[in-house]
Q: 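Next up is a structure, given as structure tokens.
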Amino acid sequence: MEWELGAAGFAVGMLIAVVTAPVGVSGAVFLLPVQLSVFAVPNPAVTPTNLLYNVVAGPGALLRYRRDGTLRGPLVRRMVLGTLPGVILGAVIRVFALPGPNVFRFLVAALMLPLGTWLIARTLRPALPETRRPEPAPRTITGLALAVGVVGGIYGIGGGSILGPVLVGRGVPVSKVAPAALASTFATSLVGASTYALLSLVRSGSIAPDWFLGLACGLGGLIGGYLGARLQPRMPETFLRLLLGTLAAALGTLYLFNALR
């Protein structure tokens, strides 16, 4: 029944957001396989549905981070300005020249599994102060943000799930990365969802989002994201780094399993 689907989407969205918001991950990257496997959202509609989830869920965590004063600073601006053009390009690629979904799953697994494992190991056995690498240069951050914007536009995932572990592994504090990653995810999802809506007018097929499911999951994520962001200041940096590394490794494992099925 429709209401049961909505209730399940709300619960899944809230649970995912509570866990992922403290480390700057929107949760859409974990929602994607749930939509495909459990809710049976068709391709490519699953991508704009994920973007719709980000648009609805994002303000919950962002409101809390704004109250804490952590949404200011150059990192937020660089990530937002880098990802916006990328998500438009990614949406066009998704509709007109999509690579197979298994290719994407293998790529995510190949990136996130070793990255998450490395971040966990780096946190448990930190490098000596004289051997630590400096934080990435502003130009490097903008370039990385552009790349993850393209990925986000193609597959409807928050770029923070990819860029967050990279920046944290390079020494940027999680408390600084999380608000910037969620802000860029929200901005790119808003632009990406609008792009898909326009493309659905000129292209046949399941391109428009599943509005009911996207809104239901997003409302759950709205509440869960606010709660997760509120919990973040109470969590030590080491725990947040381990949580982010664990989420990245779990994501890589999940996508590898789905690719091999």
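Just so it is clear, the structure is predicted and the values come from calculations on it, not from any experiment.
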Q: If you round to the nearest 0.5 Å, how far is CG of Leu247 from CG of Leu242?
A: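 Those atoms lie 11.0 Å apart.
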
Q: Surrounding CZ of Phe212 (heavy atoms of other residues, nucleotides or ligands, distance under 6.0 Å), is the total greater than 12?
A: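 It does: Phe212 CZ has more than 12 such atoms within range.
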
Q: Which distance, rounded to the nearest 0.5 Å, do you find between the CG of Asp210 and the CG of Asn50?
A: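 These two atoms lie 11.5 Å from each other.
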
Q: Is it possible for you to say whether Phe239 and Trp118 belong to one hydrophobic cluster, with membership spreading through side-chain heavy-atom contacts below 4.5 Å?
A: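 Same cluster: Phe239 reaches Trp118 through Ile, Leu, Val, Met, Phe, Trp or Tyr contacts under 4.5 Å.
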
Q: Could you tell me which non-hydrogen atom of Pro233 sits nearest to which non-hydrogen atom of Asp68, and how far apart they are?
A: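 Closest approach of Pro233 to Asp68: CG-OD2, 4.0 Å.
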
Q: Looking only at non-hydrogen atoms, find the nearest pair between Pro22 and Ala178 and report the distance.
A: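 Shortest heavy-atom contact: O-CB, 3.7 Å.
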
Q: Should Leu146 and Thr83 count as side-chain neighbours, where that means a heavy-atom distance under 4.5 Å?
A: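 A side-chain contact is absent here, since even the closest heavy-atom pair is not under 4.5 Å.
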
Q: For the residue pair Leu222 and Pro59, establish whether any side-chain heavy-atom pair is separated by less than 4.5 Å.
A: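 SC-SC contact between Leu222 and Pro59 confirmed.
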
Q: Any donor-acceptor pair under 3.5 Å linking the side chain of Ser189 with the backbone of Val55?
A: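 No, because the side chain of Ser189 does not come within donor-acceptor range (under 3.5 Å) of the backbone of Val55.
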
Q: Is any side-chain heavy atom of Ser175 closer than 4.5 Å to a side-chain heavy atom of Thr70?
A: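 Ser175 does not reach Thr70 side chain to side chain.
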
Q: Say whether, by atom type as modelled, one donor and one acceptor occur between the side chain of Arg230 and the main chain of Arg64 under 3.5 angstrom.
A: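 Here the side-chain-to-backbone pair does not exist.
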
Q: Do you know the tightest heavy-atom contact between Ala21 and Tyr65?
A: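 Taking every non-hydrogen atom into account, O-OH, 3.0 Å.
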
Q: Using every non-hydrogen atom in the two residues, find where Ala183 and Val76 come nearest and quote the distance to one decimal.
A: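 Heavy atoms only, the tightest pair is CB-CG1, 3.9 Å.
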
Q: Work out which heavy atom in Leu219 is nearest to a heavy atom in Val56; give both atom names and the distance.
A: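 Smallest interatomic distance, heavy atoms only, reads N-CG1, 3.6 Å.
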
Q: When clusters are formed by joining ILVMFWY residues with side-chain heavy atoms under 4.5 Å apart, either directly or through shared neighbours, do Leu213 and Tyr53 land in the same one?
A: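 Yes.
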
Q: To the closest 0.5 Å, what do you measure between CG (Leu244) and OG1 (Thr20)?
A: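 Leu244 atom CG to Thr20 atom OG1 measures 10.5 Å (nearest 0.5 Å).
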
Q: Same cluster or not: are Tyr226 and Ile223 linked, directly or through other Ile, Leu, Val, Met, Phe, Trp or Tyr residues, by side-chain heavy atoms under 4.5 angstrom apart?
A: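 Different clusters.
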
Q: Indicate, with yes or no, if Val174 and Leu115 share a hydrophobic cluster defined by side-chain heavy-atom contacts under 4.5 Å among Ile, Leu, Val, Met, Phe, Trp and Tyr.
A: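 Yes; tracing contacts between hydrophobic side chains, which count when under 4.5 Å, links both residues.
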
Q: Hey, what do you get for CG (Leu254) to CG (Leu113), rounding to the nearest 0.5 Å?
A: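 The CG atom of Leu254 sits 11.5 Å away from the CG atom of Leu113.
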
Q: Just how far is it from atom CG of Leu256 to atom CG of Leu251, taken to the nearest 0.5 Å?
A: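 Leu256 CG to Leu251 CG: 11.0 Å, rounded to 0.5 Å.
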
Q: Carefully, step by step, assess Ile120 and Thr246 under the rule side chain to side chain contact (heavy atoms under 4.5 Å, CB included).
A: CA-CA 7 Å; Ile120 293 172; Thr246 301; 3.9 Å; yes

Q: Is there a side-chain contact between Thr142 and Leu81 (heavy atoms, below 4.5 Å)?
A: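 A side-chain contact is absent here, since even the closest heavy-atom pair is not under 4.5 Å.
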
Q: Could you pull out the closest heavy-atom pair between Leu75 and Ala180, with the gap in Å?
A: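 Answer, listing the atom of Leu75 first, then Ala180: CG-CB, 3.8 Å.
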
Q: Same cluster or not: Val148 versus Phe30, using hydrophobic residues (I, L, V, M, F, W, Y) connected whenever any side-chain heavy atoms lie under 4.5 Å apart?
A: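 Val148 and Phe30: one cluster.
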
Q: Between atom CZ of Arg66 and atom CG of Leu71, what is the distance when rounded to the nearest 0.5 Å?
A: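 Rounded to the nearest 0.5 Å, the CZ-CG separation comes out at 8.0 Å.
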
